[in-house]
Novice: 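Handing you this structure, nothing more for now.
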Amino acid sequence: MLGIKQEALASELGDDWNQKKISLLEQKETVESDILAQVAKILKVPAEAIENFDEEQAVNIISNTFNDQSNGYNYYPTFNFNPLDKMVELYERMLEQQKEMIEKLEKLIENK
């Protein structure tokens with residue numbers, strides 16, 4: 001969802017990491033807490049956001065939040081909590097992370 005390539009994440013994690021190892025990590029049911037903390041720090045999201053992430057729920061929230069004016073009224077689903085605010089916050093973090101990665105890549109290109 002963040003648009004971070006496996007190679008970029010591997011590079012940030014250190015020399016022991018590569019794309020294949022990141023791919024295997026993504027497939028794991030559970031991840032060691034120290035690795036999870038490192039990944040969360042790199043992605044600039046709380047570790048809990050990774051632990052509790054539910055892709056289907058995130059997609060449903062986004063697809064069910066719309067402005068329907070066909071009947072002359074606005075429809076906004078209500079929730080006991082406000083996941084939309086959390087999604088906006090996550091999206092803003094993702095954009096910032098992407099911006100930083102682009103800046104890093106531009107610096108690498110300039111140095112070559």
Novice: How would you list, by chain and number, every residue that makes a side-chain hydrogen bond (donor to acceptor under 3.5 Å, both in side chains) with E92, sequence neighbours excluded?
Specialist: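 Partners of E92 under the side-chain hydrogen bond (donor to acceptor under 3.5 Å, both in side chains) test: none.
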Novice: Quick one: do L9 and L25 satisfy side-chain contact (heavy atoms from CB on, under 4.5 Å)? Show the steps, please.
Specialist: CA-CA 11 Å; L9 182 58; L25 179 68; 5.6 Å; no
Novice: How would you list, by chain and number, every residue that makes a side chain to side chain contact (heavy atoms under 4.5 Å, CB included) with A47, sequence neighbours excluded?
Specialist: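 Partners of A47 by the side chain to side chain contact (heavy atoms under 4.5 Å, CB included) criterion, ordered by chain and then number, come out as L36, A40.
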Novice: Using the test side-chain hydrogen bond (donor to acceptor under 3.5 Å, both in side chains), find all partners of K104 that sit at least two apart in sequence or belong to another chain.
Specialist: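 So K104 forms a side-chain hydrogen bond (donor to acceptor under 3.5 Å, both in side chains) with E12.
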Novice: Under a 4.5 Å side-chain heavy-atom rule over Ile, Leu, Val, Met, Phe, Trp and Tyr, are I35 and I42 clustered together?
Specialist: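 Linked within one cluster.
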Novice: What's the shortest heavy-atom distance between I22 and A10, and which atoms?
Specialist: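 That closest heavy-atom pairing would be CG1-CB, 3.7 Å.
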Novice: Going by salt bridge (Lys or Arg N to Asp or Glu O under 4.0 Å), name the residues that satisfy it together with E89, two or more places apart in sequence or in a different chain.
Specialist: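 Once residues adjacent in sequence are excluded, the partners of E89 under the salt bridge (Lys or Arg N to Asp or Glu O under 4.0 Å) criterion are R93.
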Novice: In terms of hydrophobic clusters joined by side-chain contacts under 4.5 Å, are M94 and L105 together?
Specialist: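 No, it is not one cluster - the side chains of M94 and L105 are not joined through contacts under 4.5 Å.
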Novice: Please identify each residue that fulfils side-chain hydrogen bond (donor to acceptor under 3.5 Å, both in side chains) with K28, with sequence neighbours left out.
Specialist: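 Counting only residues at least two positions away or on another chain, K28 forms a side-chain hydrogen bond (donor to acceptor under 3.5 Å, both in side chains) with E32.
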Novice: Taking only residues two or more places apart in sequence or in another chain, which ones pass side chain to side chain contact (heavy atoms under 4.5 Å, CB included) with I102?
Specialist: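 Here the qualifying residues are Q98, E106.
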Novice: Can you give me the closest heavy-atom contact between I4 and Q97, atom names plus distance?
Specialist: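 Residues I4 and Q97, closest heavy atoms: CD1-CG, 3.5 Å.
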Novice: By salt bridge (Lys or Arg N to Asp or Glu O under 4.0 Å), which residues pair with K41, not counting sequence neighbours?
Specialist: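 K41 satisfies salt bridge (Lys or Arg N to Asp or Glu O under 4.0 Å) with no residue once adjacent residues are dropped.
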Novice: My understanding is that only residues two or more places apart in sequence, or in another chain, count here; which of them pass side-chain hydrogen bond (donor to acceptor under 3.5 Å, both in side chains) with Q6?
Specialist: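 Here the qualifying residues are Q19, E26.
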Novice: Could you tell me which residues satisfy side chain to side chain contact (heavy atoms under 4.5 Å, CB included) with K99, sequence neighbours excluded, listed by chain and number?
Specialist: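 K99 satisfies side chain to side chain contact (heavy atoms under 4.5 Å, CB included) with E96, E103 only.
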Novice: Could you tell me whether D15 atom CG has more than 12 heavy atoms of other residues or ligands within 6.0 Å of it?
Specialist: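 No - once you tally the heavy atoms of other residues, nucleotides and ligands closer than 6.0 Å, there are 12 at most.
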